Amino acid sequence: MKAVFKILLFMFAGMSLHAQQIVLFNHYFYKPMVYNPAFTGIDKAPNIMLVNHTQWTGFKGGPQYNILTFDGTLINKNTGLGITIVSDKKGINSRTGATILYAYNIRFKDKIFLRLGLGAGAVNQSIDYSKALIENPNDPSLFSNTQSKTTFDANVGLAFICKGLEFGLAVPQIANNKINYVSSNDSRTFYTQSRHYLSSLKYNFLVSKTKDVSLAPQVLVRYLPNAPIQYDANLKLDLQKKFWIGATYKNDYAVGINLGVLLFKKLGIGYSYDYILGNLNKYGGLTHEIMLSFKFIKKEKTQEQIEDEQLKKLSGQDLNKLLIQRLLRKIETLLDKDNVTPEEIQEITDEISAFLDDTSTDPTQVTLNKYYKSLKNQAQGEINVLVKGKLALEGDPLIPDFSKVRITVTNVATKATVATATPTKDGKYFIILKPSEKYLIIVENDGYQKYVKQFSLAATVESYEFNQEVRLIK
């Protein structure tokens, strides 16, 4: 009987060993903090997540665990704090633990930084012998009651993020504690919280910037000395940061699919299903995971709301500059519209005149003056052509810089410069020209080839718009 009992204990301990003791968390791509404390607070906004994982429902006492997490940048933008609470049950074994997590962010450049993480907490590990199937319940070699021990637990990790690349290393259960159980007749057994080594690699490919579609392959490798290396390979397609669909392969164990939706940018709902490979599939039953999350996102202030707060604090020249900047954006928004009415042109012209200083050499006043003269002529019935377009830079960088772009338009016949312009922050430009002329547009930017193109504006009886898109090549 003692031998049978030892086999039973070994079977459940071996189950944990093959799974490398740490839980097989399917939504790791959504919350990597569960394995690696360096990712604590990486989403910045405080958020809470709850996961229920049910495995092998065809077996009584099959593995089941629940995870509750909370994290965010609660102190400052470079510091992440969080907590995880885990309940893990496998047959006669059960474990409950809580860990406090801390991460610090070291920034090198924009979107390039290193994160260091630390977690510390306590774990209660117990064995319930009443759930064991035994032939002789009075066998003195058996433990007569539930054995439960609490011990310290800790884990460390680091993460390197370079734009779309994420690389992580973590060491869960770094303390390598051993828990001893003793029966009434001094029989002993123990459970070791073995030190694990985890590595993850992920890259986010932007498939379509305009449609906001991205594809992210990810690999998670788990290593435990004297046990086989395990890895999960995951591929996730994200649509507009609202929906995701993914596929997973867990080596020598299962293939899976996961689906999710993010509602109102706050409420996340995810589901994953594992199809078990091999003979176990016939008897194992259902293996799946349900995830719920909620982000506590503050409502972002609009640019106008931010400026309204600034207006209350400013006076004199600073106040005037802010009002002119707001007016310039209003002009750009108007010119970006199709079929602008004469009434709209007259209204914006009157507004410009209130801030105009003809004698000033300030670049903002020069730009304002150009708009005023062109729009005033158009308001008085003169025929003009609004030439507008959008700049694009080769390679389509995630954060294009249009600040040094120079746009010049010359009259082909007279060789005279008739207009200059600078693009807006998002690369749009506007130039008002006379019809029935040939023009040459020249666009220059450091590090790119000069763009030169000739175009003609047809004669017309009324003002119209002419689109000229520009792509700069390195």
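In this text, all values refer to a predicted model and were calculated from it rather than measured experimentally. One-based numbering along the sequence shown.
- Under the 4.5 Å side-chain criterion, counting only non-hydrogen atoms from C-beta, Thr151 is not in contact with Asp153.
- Here the shortest heavy-atom pairing between Pro46 and Leu74 reads CG-CD2, 3.8 Å.
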**OP:** Apply the test side chain to side chain contact (heavy atoms under 4.5 Å, CB included) to residues Ile48 and Leu292: give CA-CA distance (whole Å), side-chain angles for both, the deciding distance (0.1 Å), then the verdict.
**Re:** CA-CA 8 Å; Ile48 189 169; Leu292 293 175; over 6 Å; no
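- For Thr57 (side chain) and Leu286 (main-chain N/O), a donor-acceptor pair under 3.5 Å exists by modelled atom type.
- Under the 4.5 Å side-chain criterion, counting only non-hydrogen atoms from C-beta, Leu277 is in contact with Tyr275.
- No donor-acceptor pair closer than 3.5 Å links the side chain of Asp238 to the backbone N or O of Ser214.
- Ring-plane geometry between Phe296 and Phe70 is classed as perpendicular, the angle between the planes exceeding 60 degrees on a 0 to 90 degree scale with a lower cut at 30.
- By the 4.5 Å heavy-atom criterion applied to side chains, Leu393 and Asn445 are counted as neighbours.
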**OP:** Could you go through the side chain to side chain contact (heavy atoms under 4.5 Å, CB included) check for Tyr253 and Ile276 one step at a time?
**Re:** CA-CA 6 Å; Tyr253 172 60; Ile276 310 301; 3.3 Å; yes
Subject >> Phe205 vs Tyr203, ring pair (Phe, Tyr, Trp, His ring centres under 6.0 Å): CA-CA, chis, key distance, verdict >> reply: CA-CA 6 Å; Phe205 293 94; Tyr203 191 83; 4.6 Å; yes
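- Without hydrogens or angle criteria, Thr73 side chain to Lys44 main chain gives a donor-acceptor distance under 3.5 Å.
- What you find for Ala175 and Phe152 is that their closest heavy atoms are CB-CD2, 4.2 Å.
- Remark: Arg222 CZ to Ser199 OG distance equals 12.0 Å, nearest 0.5 Å.
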Enumerate, atom names and distances included, each donor-acceptor pair closer than 3.5 Å involving a side-chain atom of residues 35-42, sequence neighbours excluded.
residue: Tyr35; atom: OH; partner: Val23; partner atom: O; Å: 2.3
residue: Tyr35; atom: OH; partner: Phe25; partner atom: N; Å: 2.8
residue: Asn36; atom: OD1; partner: Ala38; partner atom: N; Å: 3.0
residue: Asn36; atom: ND2; partner: Leu158; partner atom: O; Å: 3.2
residue: Asn36; atom: ND2; partner: Leu169; partner atom: O; Å: 3.2
residue: Thr40; atom: OG1; partner: Pro37; partner atom: O; Å: 2.7

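- You'll find the side chain of Leu239 stays beyond 4.5 Å of the side chain of Ile245, heavy atoms only.
- For the residue pair Asp274 and Ala254, the shortest heavy atom distance occurs at CB-CB, 4.2 Å.
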Original post:
Does the salt bridge (charged side-chain N to carboxylate O under 4.0 Å, His left out) test come out yes or no for Asp71 and Lys31, once each step is laid out?
Top reply: CA-CA 10 Å; Asp71 72 306; Lys31 182 63 69 174; 2.8 Å; yes
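- Ring planes of His288 and Tyr271: perpendicular class, angle over 60° (limits at 30 and 60°).
- At least one side-chain heavy atom of Val261 sits less than 4.5 Å from a side-chain heavy atom of Phe243.
- Between atom OG1 of residue Thr84 and atom CE of residue Met49 there is a gap of 9.0 Å, rounded to the nearest 0.5 Å.
- For the atom pair His196 NE2 and Ile174 CD1, the distance stands at 13.0 Å (nearest 0.5 Å).
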**OP:** Output, in order, the C-alpha distance, side-chain angles, deciding distance and verdict of side chain to side chain contact (heavy atoms under 4.5 Å, CB included) for Tyr102 and Leu81.
**Re:** CA-CA 5 Å; Tyr102 171 85; Leu81 289 176; 3.6 Å; yes
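- The two atoms that bring Leu472 and Gln449 nearest to each other are CD2-O, 4.0 Å, heavy atoms only.
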**OP:** Evaluate the side chain to side chain contact (heavy atoms under 4.5 Å, CB included) criterion for residues Ser200 and Leu198: first the C-alpha distance (whole Å), next the side-chain angles of each, then the deciding distance (0.1 Å), finally the verdict.
**Re:** CA-CA 7 Å; Ser200 64; Leu198 276 73; over 6 Å; no
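- The side-chain heavy atoms of Asn234 and Tyr28, taken from C-beta on, include no pair separated by under 4.5 Å.
- Shown here for Tyr65 and Asn26, the closest heavy-atom pair between the two residues is OH-N, 4.1 Å.
- Using a 4.5 Å heavy-atom cutoff, the side chains of Phe29 and Thr248 are not in contact.
- Lys453 places a side-chain heavy atom less than 4.5 Å from the side chain of Gln468.
- Surrounding CG of Leu215 are more than 12 heavy atoms belonging to other residues, nucleotides or ligands, all under 6.0 Å away.
- Going from atom CD of Gln218 over to atom CG of Asn204 covers 10.5 Å, rounded to the nearest 0.5 Å.
- With a 6.0 Å radius and a threshold of 12 heavy atoms from other residues, nucleotides or ligands, Lys390 has its NZ atom above the threshold.
- Here the CG-CZ distance, from Leu114 to Arg107, works out to 12.0 Å after rounding to the nearest 0.5 Å.
- Ring planes of His27 and Tyr30: perpendicular class, angle over 60° (limits at 30 and 60°).
- The structure places CG of Asp446 at 9.0 Å from CD of Glu444, a figure rounded to the nearest 0.5 Å.
- Between Lys250 and Asp232, the shortest heavy-atom distance links the atoms CG-OD1, 3.4 Å.
- Between the side chains of Asn52 and Thr54, at least one donor N or O lies within less than 3.5 Å of an accepting N or O.
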